[in-house]
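These notes concern the structure reproduced below.
Throughout, protein chains are lettered first and strands after them, A, B, ... in sequence-line order, and every chain is numbered starting at 1. Everything quoted here is computed from the prediction, not taken from an experiment.
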Number of protein chains: 2
Amino acid sequence: MADQPDAPLTRIQQKNRDLILEGALTAFSINGFRGATLDQIARAAGLSKPNVLYYFASKDDIHKTLLTTLLDMWLAPMIRIDPQGEPLAEVMGYVRAKLDMSRRFPRESRLFAYEILQGAPHLTEILGGSLRQIVDTAAAILQGWMDQGRLARVDPHHLIFSIWALTQHYADFDVQVRAVLGPGHDPFIEADPFIENLYRRMLAV
Amino acid sequence: MADQPDAPLTRIQQKNRDLILEGALTAFSINGFRGATLDQIARAAGLSKPNVLYYFASKDDIHKTLLTTLLDMWLAPMIRIDPQGEPLAEVMGYVRAKLDMSRRFPRESRLFAYEILQGAPHLTEILGGSLRQIVDTAAAILQGWMDQGRLARVDPHHLIFSIWALTQHYADFDVQVRAVLGPGHDPFIEADPFIENLYRRMLAV
DNA sequence: CGTGTTCCTGACCATTTGGTCAATAAAGGA
DNA sequence: TCCTTTATTGACCAAATGGTCAGGAACACG
């Protein structure tokens, strides 16, 4: 189990930890933290339950590891907004990246959705800490563009919230979207031009 | 317990069922279905656990009753869209009504959010049935206005999705929004002009 | 006041579930 | 090969949890 936290992992450790995190991501994203069981996770990972607990101290540990590991990936597109770029193109690039992530990583989206719904017990410090800084930085860039008259003036923080809401909706509420649209629709393909048009019209000077 | 399903409720039955549903709404909206316990619900309602199960057959029964009872209220604003009204005003009225509901009924919003995230085990028929019909009706009205050139042309279904996403985001992800904004902000008050501006610019002809 | 119905509860039960542990098997390295 | 370290597991445990039940309290009503 956990010797030195900085000890390099053996090949077996690396592989099994990955298997567990992969299975746990599926389990947590379907049923949430409370709803997912160690048995489910173990089965999804192809390991026995005690063996899962040999690699992670607790169910909570798995969950926290997943969240913190995936958060960087989840926030990466926002960091790539380039202050030197063309404003509208930068925003549209971010929007498209987020929508693409919702399509390709719906499990991750739901994992975070459950966590935030729950009151973010594992992420509170991060939300008000590093996440807030990242958002503030992006908001400052957007504000700068607006001050230069290169982007229509809107509240930059709520602009960012709107991008999160619109894109993650298609991952988190997938069943509802599909049920309402009926068969023969690809929600993501249809959403793309709609959302693009939305931001173009709102942000054009 | 369940005598005739159509038997009129006594005053005590009415009061206690209401207490239970009220407590359950709080419990389910905080922890989700699996996370909420009958003890929590009983405590929140001020009743003993067996007494709760005297009025409802099971935890599942409480949950299903809550969902179906609240769904009408939740969808009401969409039904009030008036085909005879001024298009932009009707849309803005719906948007404002939804945002107001997120502010006043965050527990209801989270209850549905959990249910949909979970794959809507209790709402699948409704989602593809009556909900779909209501949405299709509203979408047809919107489409009519667009065909008349009284509203900019966008996909009406995704327009509705965007309204849901943007407004419910402030209820469902409240902790995140507040953490990012920091103290001294009222998310709903700030969101109102942002969202209003968004739809005005997107939908103006 | 008496009696039938409704309401309420303490005690109990079966199952699920997160987690432990001693013992065994498999690697790994000299 | 031998021995140390790492992996793995069956059996087990305690707590939590949804639900039951028999009996008692409160109420309604003739």
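Side-chain atoms of A:Tyr170 and B:His158 include a donor-acceptor pair closer than 3.5 Å. Side chains of A:Ser162 and A:Tyr199: a donor on one and an acceptor on the other come within 3.5 Å.
In this structure, B:Leu53 places its CG atom 19 Å from P of C:dC12, rounding to the nearest Å. Distance B:Phe56 CZ to D:dG18 C1': 16 Å, rounded to the nearest Å. Distance, B:Gln40 CD to D:dT17 C1': 11 Å, rounded to whole Å. Atom P of nucleotide C:dT6 and atom CD of B:Gln14 are separated by 16 Å, given to the nearest angstrom. Atom CD1 in A:Ile12 sits roughly 14 Å away from atom C1' in C:dG29 (whole-Å rounding). Spacing between atom NZ of B:Lys64 and atom C1' of D:dG18 amounts to 17 Å, rounded to whole angstrom units. Rounding to whole angstrom units, CD of residue A:Gln13 and C1' of D:dT5 are separated by 11 Å. Distance B:His63 NE2 to D:dG18 C1': 15 Å, rounded to the nearest Å.
Between the side chain of B:Lys59 and the base of D:dG19, no donor-acceptor pair of N or O atoms lies under 3.5 Å.
At a threshold of 4.0 Å, the pair B:Glu22-B:Arg17 does not count as salt-bridged, since none of the basic side-chain nitrogens sits closer than that to a carboxylate oxygen. Ion pairing between a basic and an acidic side chain is recognised when a charged N comes within 4.0 Å of a carboxylate O; A:Asp100 and A:Arg103 show such pairing.
Near-neighbour residues of DNA chain C inside residues 19-38 of chain A, defined by a heavy atom below 4.0 Å, number-ordered: A:Ala36, A:Thr37, A:Leu38.
Checking C:dG10, D:dG10, C:dC7 against every side-chain atom of B:Tyr55, the shortest atom distance belongs to C:dC7. The side chain of B:Lys49 sits closest to D:dG19 out of C:dG18, C:dC21, D:dG19.
The minimum heavy-atom distance between A:Leu117 and B:Asp172, with the atom names listed, is CD2-O, 3.6 Å. The two atoms that bring A:Thr167 and A:Leu99 nearest to each other are CG2-N, 3.7 Å, heavy atoms only.
A 4.5 Å side-chain heavy-atom check between B:Met202 and A:Phe194 finds at least one atom pair inside the cut-off.
One finds no side-chain N or O of B:Asn16 lying less than 4.0 angstrom from the OP1 or OP2 phosphate oxygen of C:dT6. Within the 4.0 Å cut-off from OP1 or OP2 of C:dC7, not a single side-chain nitrogen or oxygen of B:Asn51 is found. For C:dC7, one of the phosphate oxygens OP1 or OP2 lies less than 4.0 angstrom from a side-chain nitrogen or oxygen of B:Tyr54.
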